[in-house]
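Letters A, B, ... are given to chains in the order of the sequence lines, protein chains preceding strands, and every chain is numbered from 1. Heavy atoms only: backbone and side chains are in, while hydrogens, waters and symmetry mates are out.
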Protein chains: 2
Amino acid sequence: MARTRSYTQEQVLEIALRLADAGGAEALTIRGVATELGSAPNAVYTYFPTREALRAAVVDHVLGEVDLDLSRHKDWRTALRHLATGLHQVLAAHPGVVPLFVAGPMFGTNALASGEAVLAVLRDAGFTADDAAKVLYTLLVYTIGFAAMDAAELPGGPPPPQRQRVKERQAAFHGVPAEDFPLTRSAAGTMARYITTAQFHYGLDALIAGLDPKLR
Amino acid sequence: MARTRSYTQEQVLEIALRLADAGGAEALTIRGVATELGSAPNAVYTYFPTREALRAAVVDHVLGEVDLDLSRHKDWRTALRHLATGLHQVLAAHPGVVPLFVAGPMFGTNALASGEAVLAVLRDAGFTADDAAKVLYTLLVYTIGFAAMDAAELPGGPPPPQRQRVKERQAAFHGVPAEDFPLTRSAAGTMARYITTAQFHYGLDALIAGLDPKLR
DNA sequence: ACCTGAACACCGTTCAAGT
DNA sequence: ACCTGAACACCGTTCAAGT
């Protein structure tokens, strides 16, 4: 007989996100979700056909946390900065989900909506459709790339405060032999700060500045 | 009694790289290496203490394929472009290793050597040590980020020719509903080409151009 | 239509034992 | 010092069966 689902897709999604937040990307498993659900592992396949489908859905779910209203900004630079900053913040808050972002979404509803919003801003600013798309992807590569390299060194669980991480990294760079790598060693302080939002904005500002001459 | 190793670390490393090239990052497993070695799984721990250590060693091994001699370039822009292009090519040739690059190396011999080379070029060009390090990281984030998003959509095995991949992507973007996402849909041709070296250079050129005003 | 039990073919890692 | 056998605690996924 027809029976009703015990859970909604949304509920399963939120459990998956909680697992990733608590234990990193590796903790987001079918069996882990099943345990949280109190069901057998294969019951999860009622809601998502594969582990990859579940992961893609989590990505688009998290992307929904980013503010996509770019219409209020008067120029494209501010709009791009706003979107990249918002995405950066959401990714930094969910480091366990970041590795999944690298693989996509591309075709999730929120992914398409955010892309469409950026393309509209760039069209209004006079970019060709071709240039607009290239600019959009460049921005995503930098933002997701930055978050991915940041998240990769975290163990799982809620991210420790930036101050503490910088301190630990400083200790690590202190171990680099000054005889062999003098320039690296003397830049240890800066390198320890690679994970900060200041470093993120350094690169972001350079990128946006450099995209400028592409405008007709 | 003391017995000699059956293999060198180098040989184990090359087996691991071959596994990643043939089957993607997921195929680079301790047990897979053991099978290739014709040994029990735990024999691999004679050569590397953990799976993570093996993966980090593979990353630095692959990084050794990149040409790090930047001294012959007359300006820093050309030097940066040369390094990024070389890294891009090596990463494109080993998509299965790219996910491991996101996690580091940072402290491998080749990683430190390449960083030191870039810092020297930027110092000679008049950058402060602080700016030089920031520029270096921005370049790495973009290059590794681009390769990671590229590699993520590949199944494992030798990468198919770019033409074929673009064609497949074009079909996928053709499925986006034009009523809801008209701008995305009309940029489908450009988006299908996100994986090309032309797209890589578009963003790279913008980035290098934008880093310019940071110079004193 | 949804869920369970049981199994298959995998993982990384550890421990005690052999040479 | 190096390697093996055996085990532990995991994976994703499939198949047949129950309600």
Checklist outcome for this item: Sorted by number, residues from residues 5-19 of chain B placing a heavy atom under 4.0 Å from DNA chain C are none
Next on the checklist: Between P on C/dC2 and CZ on A/R3, what's the gap in Å once rounded to a whole number?
Outcome noted: 9 Å
Checklist entry - For the side chain to side chain contact (heavy atoms under 4.5 Å, CB included) test, which of B/Y47, B/F48, B/Y7 pairs with B/L13? => result B/F48
Checklist entry - Please give, in whole Å, the distance from C/dC10 P to B/L28 CG? => result 17 Å
Next on the checklist: Filter on side-chain hydrogen bond (donor to acceptor under 3.5 Å, both in side chains), then keep only pairs touching residues 13-39 of chain A, sequence neighbours left out; what's left?
Outcome noted: A/D21-A/H94
Checklist entry - Should the pair A/Y194 and B/Y137 be assigned to parallel (<30°), tilted (30 to 60°) or perpendicular (>60°) ring geometry? => result parallel
Next on the checklist: I want to confirm an ordering. Mapping A/A43 and B/A27 to their closest nucleotides on DNA chain C, which one lands closer to the 5' end?
Outcome noted: A/A43
Next on the checklist: How many whole angstroms separate atom CZ of B/R51 from atom C1' of C/dT14?
Outcome noted: 17 Å
Item to check | All stems with DNA chain D, defined as three or more consecutive Watson-Crick or G-U pairs under 3.5 Å | outcome: C:4-8 with D:12-16, C:12-16 with D:4-8
Checklist entry - A/H61 versus A/E10: any side-chain heavy-atom pair under 4.5 Å? => result yes
Checklist outcome for this item: note: A/E26, atom CD; C/dG12, atom P; distance rounded to Å ~ 12 Å
Item to check | Minimum-distance nucleotide (side-chain atoms of A/S39 versus D/dC3, C/dT4, D/dG12) | outcome: C/dT4
Item to check | Listed partners of B/Q164 passing side-chain contact (heavy atoms from CB on, under 4.5 Å), at least two apart | outcome: B/P160, B/P161, B/E168
Next on the checklist: Please confirm whether the ring centroid of A/F146 lies under 6.0 Å from the ring centroid of B/Y142.
Outcome noted: no
Checklist entry - Looking only at side-chain N and O atoms, does B/T29 come under 4.0 Å of OP1 or OP2 in C/dC11? => result yes
Next on the checklist: Distance check needed: D/dG12 C1' versus A/R55 CZ, whole Å only.
Outcome noted: 11 Å
Checklist entry - Okay, side chain of B/Y45, backbone of B/T50: is any donor-acceptor separation there less than 3.5 Å? => result no
Checklist entry - Whole Å only: how far is the CZ atom of B/R31 from the C1' atom of C/dT14? => result 12 Å
Checklist entry - Whole Å only: how far is the CD1 atom of A/I30 from the P atom of C/dC11? => result 19 Å
Item to check | Counterpart residues, side chain to side chain donor-acceptor pair (under 3.5 Å), relative to B/T4 (two or more places apart) | outcome: none
Next on the checklist: I want to check one thing: is the phosphate of C/dA1, taken as OP1 and OP2, less than 4.0 Å away from some side-chain N or O of A/Y45?
Outcome noted: no
Checklist outcome for this item: Across all chains, not counting sequence neighbours, the ring pair (Phe, Tyr, Trp, His ring centres under 6.0 Å) partners of B/F107 are A/F173
